[in-house]
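Below: one structure, written as structure tokens.
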Amino acid sequence: MSDLPKAYEPKEIAESIYARWLQDQTYRADPSSSKPAFSIVMPPPNITGVLTLGHVLNNTLQDVLSRKARLEGYEVLWLPGTDHAGLATEMVVERSLRKQRGIGRKELGREEFLRLVREWREKHGRIIVEQLKKLGSSADWSRERFTMDADYSRAVQEVFVALYRKGLIYRGKRMVNWCPASLTALSDEEVLPREEQSNLYFVRYAVEDEPGAFLTVATTRPETIPGDTGIAVHPEDERYRKWIGRRAVRPFPHGSIPILADAAVDPAFGSGVLKITPAHDKLDFEIGQRHKLPIVDVLHPDGRMNCPSVPELDGLDRFEARKKAASLLEEKGLLAKIEPYLHTVGVSERANVPIEPRLSEQWFLRYPKAEEALRVVRERRIRFFPEHWEKVYEHWIENIQDWCISRQVWWGHRIPVWWKDGSHLCQVESPGPEWVQDPDTLDTWFSSWLWAFETMDPATRRKFYPTSVLVTGPDIIFLWVARMIIAGLEFRPGRGPSLEENIPFRAVYFTGLIRDRLGRKMSKSLGNSPDPLALIEKYGADGLRFGLLRIAPQGQDIRFDEKQIEEGRNFCNKLWNACRFRARFGPIAASARPWEDRLSPFAVEMLSALSQTGIRLETAFGAYEFSEAAGLLYSFVWNDFCSSFLEAAKVDLSQDRSPTASGTLAAFDYALSWILRLLHPFCPFVTEELWNRFELGPSTLQFAGWFSAAEARKLDERLADRKEAALLARSIYQAAERGRHLRSTYGIPSNQKVPFLLRADAPLANAERTVLAALSNASEIADVDGPPPKAPMVLTAVGELYLPLEGILDLDVERKRLTNEKEKLARNWQAIQDRLHNPEVTARVPAEKLKAWKEQARQLESAMRRLEDQLNELSQ
RNA sequence: GCGCGGUUAGCUUAGCGGUAGAGCGCUCGCUUCACACGCGAGAGGUCAUAGGUUCGAACCCUAUACCGCGCACCA
């Protein structure tokens with residue numbers, strides 16, 4: 001065993017350990033294994049991505065689950081990969097193309113541009129994967145997949161063809177969300193609402209053949225007036241009823257449009273009159289359809305005006321045109337007023353510009369299996385953690401809309417449809433040279449919804465599908481989670497026909513969102529997102545992982561504070577140093593059986609705390625309460641193991657021939673070997689390093705077994721006849737704490753040894769007395785029969801403890817302290833008495849509880865009596 | 001507008017019917033032979049507000065306020 005450095009230095013250790021893990025292929029999942037299966041598919045990060053704290057959280061959780069499962073004896077598959085991220089990648093590459101060569105993708109041409117994208121991907125597309133390795137991720141990298149892999153691409157196209165043949169995919173001219181920056185259609189899920197301060201323009205439309213009469217329309221978009229093909233009012237609206245059926249004058253270009261009645265118009269909003277622009281608004285389009293209005297498109301795809309009939313507007317950007325249109329109306333005296341107006345506009349998630357509702361011909365999918373998808377979650381065949389996401393999911397499924405799956409993007413899975421002379425064929429292979437493939441590609445999510453099974457070969461599927469759990473963020477619950485469920489149910493990749501065999505995962509764990517210390521979302525523009533690699537450099541991957549998980553409660557957003565990562569590192573160092581302490585007393589016994597030894601009360605107490613921790617851990621993990629689990633381990637290691645047991649053990653181990661010394665070492669080693677394994681999922685590097693340095697078992701602890709609740713109970717049973725000892729240890733700890741309090745009250749520095757006196761309730765054995773002395777830094781603890789003169793006193797669980805302070809005792813101070821203490825107890829006692837003497841309480845509360853309260857009252861009485869005696873003593 | 005979360009010490013949070021708990025930060029004392037990435041002690045909370053249920057409420061119910069998220073065609 002080599003000497004341990006004074007502090008844990010993660011940098012030197014992590015790299016070589018990870019290299020060894022990779023070399024030993026410890027993460028390779030074996031489909032032919034006889035072990036039970038545990039599997040997770042990694043949500044594939046975009047190839048444009050770099051590691052963020054969100055990724056760290058997400059992947060650490062998956063790693064914790066995977067590593068724990070390995071320790072428990074499962075055959076584990078954690079399947080990693082990356083997503084081609086069609087639009088995002090295309091934007092990144094096109095931006096650099098413009099920067100370097102001043103041209104866009106159109107000028108370059110499709111083939112040449114795609115060559116550039118592939119080149120870019122080769123160069124940058126796996127950065128994030130390498131970063132995930134720095135985190136310690138135990139994914140099976142030999143199975144790393146990419147959504148544009150040849151076989152995966154083929155599967156995507158086959159799925160398209162299959163759905164097409166079932167009549168679920170159709171081509172239609174409909175209103176879609178058009179992104180004028182990226183020049184593509186988007187699905188509803190890729191449009192985010194954003195509050196925007198804008199104006200409501202009140203515009204006068206004259207009634208034809210009715211001089212002086214006009215209807216005032218309220219609109220946020222005066223630039224679309226040239227596209228108006230009607231105005232509408234509510235059929236019941238008394239104010240406008242008389243005008244229904246007449247015609248109005250469109251301001252520009254000057255024209256005649258009908259005034260119609262439609263129940264979709266809200267009479268209470270604005271003026272109650274709606275202008276109808278069927279080409280540029282979803283509701284207007286629907287009203288237009290009902291009344292057979294013409295559709296006049298006045299915008300180019302890039303958002304510039306396309307209306308030669310109004311030369312003042314033609315060619316202007318839509319926002320410029322809005323101002324211009326307002327001033328045109330002003331000139332004509334048709335602008336009644338402008339009101340400031342706060343409303344939400346849909347914004348393209350990627351390009352961050354307002355989307356434009358636009359009539360366009362696209363491919364749509366009518367979702368199959370919506371009913372089943374609802375059922376598997378409702379019936380908890382797929383469990384959501386936290387559960388409240390079920391409602392959000394249900395609401396979406398119940399209101400499910402057809403999915404616009406075509407994108408006017410080049411980088412992606414090209415739609416397997418072939419055109420010739422206006423007719424088309426849907427098949428993967430080209431029907432012949434005279435056929436031209438549809439230029440569009442598929443929505444990226446149309447490939448990632450297959451991720452849970454198209455990443456697996458048949459043997460792997462047989463063993464590992466359905467996966468055990470999916471760990472992801474709630475922001476993609478519709479984009480990805482819901483669609484994956486539908487895909488599993490539709491394509492049935494499972495072993496048999498049942499729902500259970502075909503769902504993509506049995507559980508979904510939704511992480512919280514990481515915010516900064518002020519509660520703001522992390523964003524590049526705010527510059528408030530720390531670089532995880534810098535954090536790893538500074539605190540080690542173990543520190544980052546443990547620190548982050550400890551503050552990541554289930555279902556809530558996480559306020560990130562670097563302090564907490566520092567704590568994680570400090571914790572690793574604490575563990576390191578506990579081992580360093582142990583190393584002074586010879587080699588660690590790999591398979592210690594402390595219960596067969598003579599044990600000090602302190603060892604029994606620690607082992608019993610370990611057992612409790614094991615039982616609670618199982619509950620926490622079962623409920624996916626990772627921060628709870630991390631907290632339990634933190635508290636056990638720091639408080640029970642180090643602060644209490646280890647300090648008490650110093651006494652045992654420094655004495656020659658202490659009869660309990662070997663038991664103490666055995667307890668130490670037994671607990672330590674479990675601590676390392678229990679912590680390994682959270683802190684893989686430091687635990688592996690310590691395990692190896694102390695040769696605690698096989699060359700890696702990754703498969704070394706798990707301290708299950710069953711194992712914990714077994715330990716508890718082995719200690720069953722020593723419960724008294726554990727109780728005694730706790731009493732000593734408590735007495736030491738009270739003693740230290742007394743010292744501190746009287747300003748005795750912690751490095752100064754002083755004698756204590758003890759009037760013990762029961763005779764205290766020498767060993768326990770020595771520990772009590774050590775923990776309270778007493779030079780000695782001598783027995784007394786009665787209160788010594790003028791000495792401050794505290795009540796402890798083993799008797800009254802006195803601090804003889806010849807001459808320096810301030811009687812007033814001490815009397816006040818004791819009186820305060822007594823009053824506190826008295827208040828407590830009174831509260832219990834009130835309860836016990838209230839017939840309504842005694843009639844209802846179970847006898848067991850009453851008994852406990854009575855016992856509590858008795859103890860309080862005894863304590864109060866002793867304090868009273870001491871007060872009398874001081875008064876003499 | 002509807003729905004779902006949240007509101008506990010300066011900060012991050014646990015507790016979800018029987019006397020408010022932790023970590024960090026802060027104050028004070030310690031280089032005590034594993035650890036100053038440490039040890040010891042202390043101060044600090046009308047548990048968002050108002051009602052209700054209950055013998056008893058941070059905890060259950062009902063409103064209100066603020067924060068966050070989701071959904072929605074109100075131009």
Side-chain angles (χ1 to χ4, degrees), chain A residues 4 6-8 193 200 217-221 224 232 264-266 268-277 281-287 341 343-344 357 386 388-389 391-393 395-396 399 474-475 477-478 513 515 517 519 521 539 543 550-551 553 555-561 563-564 566-584 627-628 631 634-635 638-639 642-643 646-647 650 654 737 740-745 747-753 774-777 824 827-832 834-835 838-845 849 852-853 856:
Chain A
L4 291 185
K6 196 169 166 182
Y8 171 50
L200 204 49
V217 162
T219 179
T220 54
R221 304 198 59 189
T224 62
V265 180
D266 178 1
F269 185 87
S271 60
V273 187
L274 176 64
K275 73 186 198 63
I276 309 297
T277 323
D281 183 278
K282 218 174 156 191
L283 178 64
D284 288 7
F285 177 74
E286 286 163 17
I287 295 175
Y341 181 54
H343 70 150
T344 45
H388 66 85
W389 291 109
K391 285 206 172 174
V392 176
Y393 171 87
H395 185 263
W396 184 79
N399 297 282
D475 49 333
I477 184 169
F478 313 135
L513 199 72
R515 299 170 172 279
R517 225 155 50 85
K521 275 188 192 175
Y539 302 109
R550 211 158 75 90
I551 57 163
Q556 264 158 258
D557 287 355
I558 297 129
R559 297 226 178 183
F560 179 80
D561 186 346
K563 268 277 165 215
Q564 282 146 339
E566 190 181 328
E567 262 186 72
R569 179 208 46 188
N570 295 353
F571 177 69
C572 294
N573 187 56
K574 189 75 178 175
L575 176 68
W576 182 265
N577 272 288
C579 293
R580 210 168 142 246
F581 169 79
R582 174 60 186 83
R584 290 169 45 199
S627 67
E628 170 75 11
Y634 183 95
S635 159
W638 203 296
N639 303 326
C642 291
S643 295
L646 191 151
E647 291 302 326
K650 283 178 180 172
S654 64
E737 202 176 313
R740 290 191 301 250
H741 170 74
L742 203 53
R743 295 174 55 110
S744 180
T745 306
I748 298 164
S750 45
N751 60 345
Q752 186 183 330
K753 281 197 191 304
L775 295 183
S776 47
N777 202 21
K824 205 171 117 193
R827 274 196 301 275
N828 234 313
W829 180 84
Q830 193 56 52
I832 295 172
D834 289 349
R835 255 182 272 156
N838 185 335
E840 295 202 68
V841 176
T842 48
R844 273 176 240 217
V845 170
K849 205 170 240 179
W853 286 343
Q856 221 181 328

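Note on naming: letters A, B, ... go to the chains in the order of the sequence lines (proteins, then strands), and numbering restarts at 1 for each one.
- The closest donor-acceptor contact from the side chain of A/Arg550 to the backbone of A/Gly568 lies at 3.5 Å or more, if one exists at all.
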Collect all protein-nucleotide pairs involving nucleotides 6-9 of chain B in which both atoms are nitrogen or oxygen and the distance is under 3.5 Å.
none

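- Side-chain N/O atoms of A/Lys574 and base N/O atoms of B/G38 include no donor-acceptor pair closer than 3.5 Å.
- The ring-ring contact (aromatic ring centres under 6.0 Å, His included) test applied to A/Phe285 returns no partner, not counting sequence neighbours.
- Out of B/C24, B/C39, B/C74, the shortest distance to the side chain of A/Phe269 is found at B/C74.
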Between the protein and nucleotides 27-29 of chain B, are there any N/O to N/O pairs under 3.5 Å, and if so, what are the atom names and distances?
from, atom 1, to, atom 2, distance (Å)
B/G29, N2, A/Ser750, OG, 3.1

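- Ranked by how close their nearest RNA chain B nucleotide is to the 5' end, A/Arg582 and A/Arg740 are led by A/Arg582.
- Per the geometry, CD1 belonging to A/Ile551 stands 8 Å off P belonging to B/U13, to the nearest Å.
- Of the candidate nucleotides B/G18, B/C35, B/C37, B/C37 has the atom nearest to the side chain of A/Arg569.
- The side chain of A/Asn573 sits closest to B/C37 out of B/A75, B/C55, B/C37.
- Considering only side-chain atoms of A/Val265, the nucleotide from B/A75, B/C74, B/C37 that sits closest is B/A75.
- Closest to the side chain of A/His343, out of B/G70, B/A75, B/A41, is B/A75.
- For A/Tyr341, the listed nucleotide lying nearest its side chain is B/A75; candidates were B/A75, B/G70, B/A36.
- For A/Asn838, there are no side-chain hydrogen bond (donor to acceptor under 3.5 Å, both in side chains) partners two or more places apart in sequence or in a different chain.
- Among the protein residues, A/Ala831 comes within range of no part of the nucleic acid, since none of its heavy atoms lies under 4.0 Å from any strand.
- Evaluation of the ring-ring contact (aromatic ring centres under 6.0 Å, His included) rule for A/Trp829 yields no partner, not counting sequence neighbours.
- Taking atom CG of A/Asn570 as the reference point, atom C1' of B/G23 lies 11 Å away to the nearest angstrom.
- Nearest nucleotide to the side chain of A/Tyr634, out of B/A75, B/G23, B/G42: B/G23.
- Residues satisfying the salt bridge (charged side-chain N to carboxylate O under 4.0 Å, His left out) criterion with A/Glu566, sequence neighbours excluded, are A/Lys563, A/Arg569.
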Sub-3.5 Å pairs of nitrogen or oxygen atoms, protein against nucleotides 71-73 of chain B:
none

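- Legend: residues meeting salt bridge (charged side-chain N to carboxylate O under 4.0 Å, His left out) with A/Lys574, ordered by chain and number and at least two apart, are absent.
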Dot-bracket assigned to RNA chain B with the 3.5 Å Watson-Crick/G-U criterion, [ ] for crossing and | for other-strand pairs, is ((((((((.[[[[.)..(..]]]].(((((.......))))).....[[[[[..)....]]]]])))))))....
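- For A/Lys849, there are no side-chain hydrogen bond (donor to acceptor under 3.5 Å, both in side chains) partners two or more places apart in sequence or in a different chain.
- In this structure, the nucleotide among B/A75, B/C24, B/U12 sitting nearest to the side chain of A/Lys563 is B/C24.
- When distances run from any side-chain atom of A/Trp389 to the nucleotides B/A75, B/C69, B/G42, the shortest one goes to B/C69.
- Every residue two or more places apart in sequence or in another chain that forms a ring-ring contact (aromatic ring centres under 6.0 Å, His included) with A/His343 is listed here: A/Tyr341.
- Considering only residues two or more places apart in sequence or on other chains, A/Arg582 meets the salt bridge (charged side-chain N to carboxylate O under 4.0 Å, His left out) condition with A/Asp669.
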